[in-house]
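Have a look at the structure below, then the notes.
Throughout, a chain's letter reflects where its sequence line sits, starting with A, and its residues are numbered from 1. Scope of the values below: all heavy atoms of this structure, side chains included, with no hydrogens, waters or symmetry mates.
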Number of protein chains: 2
Amino acid sequence: MQGQNISDIIEEYLKRILADSHQIEIKRSEIAQLFNCVPSQINYVINTRFTIQNGYVVRSKRGGGGYIRIAKVNLISDADVMDDLMDVIDDNISFTQAFRIIQSLFEDSVLTQKEANLILAAIDQRTLAFEDKRVENAVRARILISILNRLKYDD
Amino acid sequence: MQGQNISDIIEEYLKRILADSHQIEIKRSEIAQLFNCVPSQINYVINTRFTIQNGYVVRSKRGGGGYIRIAKVNLISDADVMDDLMDVIDDNISFTQAFRIIQSLFEDSVLTQKEANLILAAIDQRTLAFEDKRVENAVRARILISILNRLKYDD
DNA sequence: ATAATAATAGTCAACATTAGTCAAAAAGTT
DNA sequence: AACTTTTTGACTAATGTTGACTATTATTAT
């Protein structure tokens, strides 16, 4: 059991709701109050845990009756989402971000647990081990794109 | 063993917990305080006594609510075959040689077709795409060794 | 209509809270 | 003495928390 910090707890809370609902709409200030934190903490949670890499699409509106809507999307079946993913990777990607992508591919059953683990082993920071972080992120991007292409055209 | 130095004592302490728990999650500073040593001593203990060779996998997270998680894993029956292969790879390997290794692992049913293909996609020449062939072969070696290490245990 | 005001959410940078690295010093072994 | 292992701490890196300030949208007043 992890999750000693508020961000993890909020993440868990939102994902539990998303487990049945596929999509939720929240009021930022209400959630903040519920977990006794500042409103911008909700943005932090969303930006780090509900990105497209994680398989989520977020839309929001300000002003009276404003909201934040979080929707779970399927990575393979949606071509647009796949394109977004490619855009995110571009020509460099951190391990953390790559991890999120692999995890969502596993959650969407595109990858088995073992396949996901092998890919993660390949793109781990210690594995690539370049002095220059930019080189590391560039190599990781090439590997990931190569693998995504394999997944895309193989079946 | 001979519980002479602090490292041995900490090792013993952690392993005693791991005897019933299969996995533990610690706070580095708490353990350090418990044994009256500096936090980085915990890293030393982990790096020298909880390696994959010993059958342990370690994961950690920094920041608020950070932790170090140590899990005991089951080494598969041909874990030592992986060790032999890693000896052969050493610190550099061509794609052709790597291909043979992956192929033999497939033939021995260690890898499925899809797993083998994903690995090959990752270590392909066009994927790695380095000017310098020596760099390419070194990176390929690191990736392959990391993957072989991962194959040593299940789950 | 238009302007002012209220009610939202977003951004960003400072600060806080962890863990990791590395190399020098100390201790132990041969 | 030479070599290996352990101990220590200064510095670094990653992640999380907070709040002041900004941007956008809806509502109300003129």
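- Seen from the ring of B/Y56, B/K72 counts as a face-on cation partner, given the 6.0 Å and 45° thresholds.
- Between B/K15 and B/E12 there is no salt bridge, since no side-chain nitrogen of the basic residue lies less than 4.0 Å from a carboxylate oxygen of the acidic one.
- Note on A/R59: nothing from the nucleic acid sits closer than 4.0 angstrom, heavy atoms only.
- Figure legend: A/R142 and B/F130 shown as a cation-pi pair, the cationic atom lying under 6.0 angstrom from the six-membered ring centre and within 45 degrees of its axis.
- Going from atom CG of A/D132 over to atom C1' of D/dA13 covers 16 Å, rounded to whole Å.
- Tested against B/I70 for a side chain to side chain contact (heavy atoms under 4.5 Å, CB included), the candidates B/I24, B/V57, B/I17 yield a single pass: B/I24.
- A salt bridge links B/R49 with B/D8: the distance from a Lys NZ or Arg NE/NH1/NH2 to an Asp or Glu carboxylate oxygen falls below 4.0 Å.
- Of the two residues near DNA chain C, A/G66 and A/R126, the one whose nearest nucleotide lies more 5' is A/G66.
- No engagement by B/I42 is indicated, since no non-hydrogen atom pair under 4.0 Å with the nucleic acid exists.
- Residues forming a ring-ring contact (aromatic ring centres under 6.0 Å, His included) with A/F106 (at least two apart in sequence, or on another chain): none.
- Contact annotation for A/R69: no contact, since no heavy-atom pair falls under 4.0 Å across all strands.
- Protein chain B contacts DNA chain C over a range whose 5' and 3' limits, counting nucleotides with an atom under 4.0 angstrom from a non-hydrogen atom, are C/dT17 to C/dT21.
- Using modelled atom types, one side-chain atom of B/S104 and one backbone atom of B/I101 make a donor-acceptor pair closer than 3.5 Å.
- Side chain of A/D90 to backbone of A/N92: no donor-acceptor contact under 3.5 angstrom is found.
- As judged by a 4.0 angstrom heavy-atom cut-off over every strand, A/Y44 is placed among the base-contacting residues.
- OP1 or OP2 of D/dG16 lies within a sub-4.0 Å distance of a side-chain N or O belonging to A/R49.
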Contact state string [nucleotides 19-30 of chain D, B base, S sugar-phosphate only, - no protein heavy atom under 4.0 Å]
B---BBBS----
